[in-house]
Amino acid sequence: MPVQTQLRSADGMLSQVALAVDAELLAVPFFPGPVAPQAEVASYLSFTLDEILALHEAKGEPGEIVATPIRLGEGVRELLLYGVGDMSPSALRRAGAALARRGKGRTTMVAGVPGDVAAFAEGVLLASYEFKIGEPAKKRPLASLVVMTEAGPEACAAPLARARVVAGATVLARDLANATSQDKCPEWLAEQARKLAADNGLTIRVRDEAELAAGGFGGLIAVGSGSPRPPRLIELTYDPEDASKRAAGGAPAKHVVLVGKGITFDTGGISLKPTDNMKTMKTDMSGGAVVMAVLGALGALGADVKVTGLIPAAENAFSGSAMRPSDVITHFGGKTSEVLNTDAEGRLVLADALAYAAAELAPDLIVDIATLTGAAKVALGLKHGALFATDDALAGELTEAGTASGEALWRLPLTEDYRVAIESDVADLANIERRGFGGGAIMAALFLREFTGGIPWAHLDVAGPGRAMSDEGELSKGATGFGTRLLLNWLTA
Ligand code: BES
Ligand code: MN
Ligand code: ZN
């Protein structure tokens, strides 16, 4: 479901604007502590705002809303006093999300916003997201939001436009990941990528199973071999130098390669998953969905960096033609790995893509994103992505982008002492650790590092935050699109 809420900004008195646009909802911020709410709307009430807040024991925390009817013009409308906490971007994002949930089924809201309007609008747009098959949701998202800030409407235009693009990209990532796997196979994902490329001026190359076999992409071929729906390698390129910049003779832009895990369903393969663990695995292409969504949004955000997105896509199915534990596969570039668990499939397809990127694309930096290990989810839960990096500056930049965009990362180590655990007796590497050291997320990261050719690289394991168990803040139940905001923030910083 694409973003449906229209964003606008206005100037003047909140109550007058509310009358002019016939808003059903007026949202007025309130802060914790003794500071009086700044609202001329108080004059329309028979109580002071302080009295109303005191009655509800409201504290001003972000996400808190105290509602009271208000007579304004012809009819009765609703005044929403909303908490904004410390007014940081994350507090305003949360506040916007709460207002969006409150505004479902209504047409227009006018909101005074005391700070970062982009974060506020992002919260509104993201919390309005709902994934539903069949009957549409009973309550449609708020149709129109008019924001008012001290800075005035001109200053709002760019942040609101940006919020729309970033939220739109996140919603696309969620839609792709929430799509059910009876529709979603590697070729389906490639078809979505072709549409995305056509709509956003990207170049695209999709390698089919014959080209993958001929090109030596043994990981993708092996993982995809159990499914009647063959694997694909999707390659999308955004190049800002295509037109104006190169003609102007500017310095060449940096080249970043993003790699996203594109397992369209993960049964575990012959190392079959138990049903409870398997039933969420339609979202095992969340990393790939994020990479597609990011590539699609770079142009609209005016990113000045060349970005190639690689999505190795395969269905890890259970069948007589599936790869077996003990099989040895040869990855792009010639490194071999012994498959000791067919459920550690993500690293096998990522290995091909990383090796290809390092050998053929001459990137300055490589970042991959993947729902890679249950261990990352155990370690950090649902609120942090696990970050691994061979470069401290890159790790710092990504962490900062995560904090700014509301998608937190936490760095875990690439422990050299653990490297011996992924040695194989018969191949270059084993696809799971063999020493009983634990640290499953680290082991997977160490495996991937072998394919990065010494190019500065970061790996985001988003198995935890890639899915939300319930509607909360700007997240809605199901796929979250985690990573879209942070990567867009980083690439346009
Ligand atoms: N797709 C899973 C990881 C996963 C688990 C994502 C839970 C989201 C939620 C991955 O392919 C997998 O199965 N990993 C195994 C690796 C193990 C066999 C070494 C795991 O984490 O159990
Ligand atoms: Mn798996
Ligand atoms: Zn998987």
Side-chain angles (χ1 to χ4, degrees), residues 177-178 181 184 186 189 219-220 222-227 231 259-290 311-318 322-327 337-353 368-386 388 412 418 421-422 424 429-448 459-469 478-483:
N178 281 325
S181 297
K184 181 169 60 188
L189 206 57
L220 262 164
V223 173
S225 66
S227 173
V259 180
K261 174 176 173 180
I263 298 298
T264 57
F265 194 77
D266 183 10
T267 65
I270 302 285
S271 313
L272 194 65
K273 283 183 185 298
T275 308
D276 269 351
N277 298 2
M278 199 193 294
K279 68 189 180 197
T280 57
M281 286 298 141
K282 69 174 186 179
T283 56
D284 208 20
M285 36 56 75
S286 292
V290 167
I311 300 104
E315 179 173 13
N316 191 23
F318 177 88
M323 64 176 175
R324 293 151 290 257
S326 81
D327 283 0
S337 57
E338 181 188 11
V339 181
L340 292 176
N341 189 322
T342 65
D343 197 11
E345 85 296 340
R347 65 198 76 182
L348 299 176
V349 302
L350 291 170
D352 281 356
D368 77 72
I369 176 163
T371 48
L372 202 61
T373 67
K377 188 173 171 180
V378 170
L380 298 174
L382 303 186
K383 294 286 175 189
H384 307 268
F388 298 85
L412 296 178
Y418 297 170
I422 54 169
S424 162
L429 292 162
N431 84 326
I432 56 167
E433 74 105 356
R434 301 171 66 211
R435 297 289 191 93
F437 290 174
I442 302 175
M443 296 300 177
L446 287 170
F447 180 94
L448 294 180
H459 159 56
L460 311 181
D461 190 335
V462 297
R467 283 185 77 97
M469 310 243 282
T480 59
F482 183 97

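Starting from 1, each residue takes its place in the sequence as its number. In each ligand, atom 1 is the first atom listed, and ligand 1 is the first ligand listed.
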### Task
For the residue pair L448 and L372, establish whether any side-chain heavy-atom pair is separated by less than 4.5 Å.
yes

### Query
Is E345 close enough that one of its N/O/S atoms sits under 2.8 Å from the Mn ion (ligand 2)?
yes

### Query
Does the side chain of D284 reach to within under 4.5 Å of the side chain of K261, using non-hydrogen atoms?
yes

### Message
Only heavy atoms of E345, strictly under 4.0 Å: list the atoms of ligand 1 that pass.
### Response
11 (O)

#### Entry: Close approach, M281 and ligand 1, non-hydrogen under 4.0 angstrom
yes

### Query
Do F265 and S227 come close enough that some side-chain heavy atom pair is under 4.5 Å?
no

### Query
Is E433 reaching over with its side chain to a backbone N or O of G438, donor-acceptor style, under 3.5 angstrom?
yes

### Between CE on residue M278 and OG1 on residue T267, distance to nearest 0.5 Å
5.5 Å

### Task
Count the heavy atoms of every other residue, nucleotide or ligand shown that sit under 6.0 Å from OH of Y418, and state whether that count exceeds 12.
no

### Query
With no hydrogens and no angle check, is any side-chain donor or acceptor of K282 less than 3.5 Å from a backbone partner on N178?
yes

### Message
Applying side chain to side chain donor-acceptor pair (under 3.5 Å) to D461 and T373, what does each step give before you reach the verdict?
### Response
CA-CA 7 Å; D461 190 335; T373 67; 2.7 Å; yes

### M443 heavy atom under 4.0 Å from ligand 1
no

### Query
In the protein, what heavy atom is nearest to atom 10 (C) of ligand 1, and what distance, to one decimal place, separates them?
L372 O, 3.3 Å

### Message
Checking the side chain of T480 only, and the main-chain atoms of G466 only, is there a donor and an acceptor separated by less than 3.5 Å?
### Response
yes

### Query
Within less than 4.0 angstrom of ligand 1, does M285 place any heavy atom?
no

### Query
With sequence neighbours left out, what residues match D368 under side-chain hydrogen bond (donor to acceptor under 3.5 Å, both in side chains)?
W457, H459

### Query
What is the number of protein N, O or S atoms that sit under 2.8 Å away from the Zn ion (ligand 3)?
4

### Summary
What one should report as the nearest heavy-atom pair of V259 and A353 is CG1-CB, 3.7 Å

### Message
Under a 4.0 angstrom heavy-atom cut-off, which atoms of ligand 1 come close to T371?
### Response
1 (N), 2 (C), 3 (C), 6 (C)

### Query
Is the shortest distance from atom 13 (O) of ligand 1 to a protein heavy atom below 4.0 Å?
yes

### Summary
For atom 2 (C) of ligand 1, the closest protein heavy atom turns out to be D266 OD2, 3.6 Å

#### Entry: Nearest-neighbour protein heavy atom for atom 18 (C) of ligand 1, which is reported as residue plus atom name and distance
N341 ND2, 3.4 Å

### Task
Check each heavy atom of K273 against ligand 1 and say whether those closer than 4.0 Å belong to the side chain, the backbone, both or neither.
side chain

### Query
What residue and atom, counting heavy atoms only, is the protein's closest point to atom 15 (C) of ligand 1, and at what distance?
D343 O, 4.0 Å

### Summary
The protein heavy atom nearest to atom 20 (C) of ligand 1 is G374 N, 3.9 Å

### Query
Are the side chain of R324 and the backbone of I270 linked by a donor-acceptor contact shorter than 3.5 Å?
no

### Task
Would you check if the side chain of N431 reaches a backbone N or O of V339 as a donor-acceptor pair within less than 3.5 Å?
no

### Message
Could you tell me, atom by atom, which parts of ligand 1 come under 4.0 Å of a heavy atom of K261?
### Response
1 (N), 10 (C), 11 (O)

### Under 3.5 Å: donor-acceptor pair, side chain of T342, backbone of S271
yes

## Note on the structure
To the Mn ion (ligand 2), the closest N, O or S atom belonging to D266 is OD2

### Summary
atom 16 (C) of ligand 1 sits nearest the protein heavy atom R347 NH2, 3.8 Å

### Message
Counting non-hydrogen protein atoms only, what is the nearest one to atom 19 (C) of ligand 1? Give residue, atom name and distance.
### Response
I432 CG2, 3.6 Å

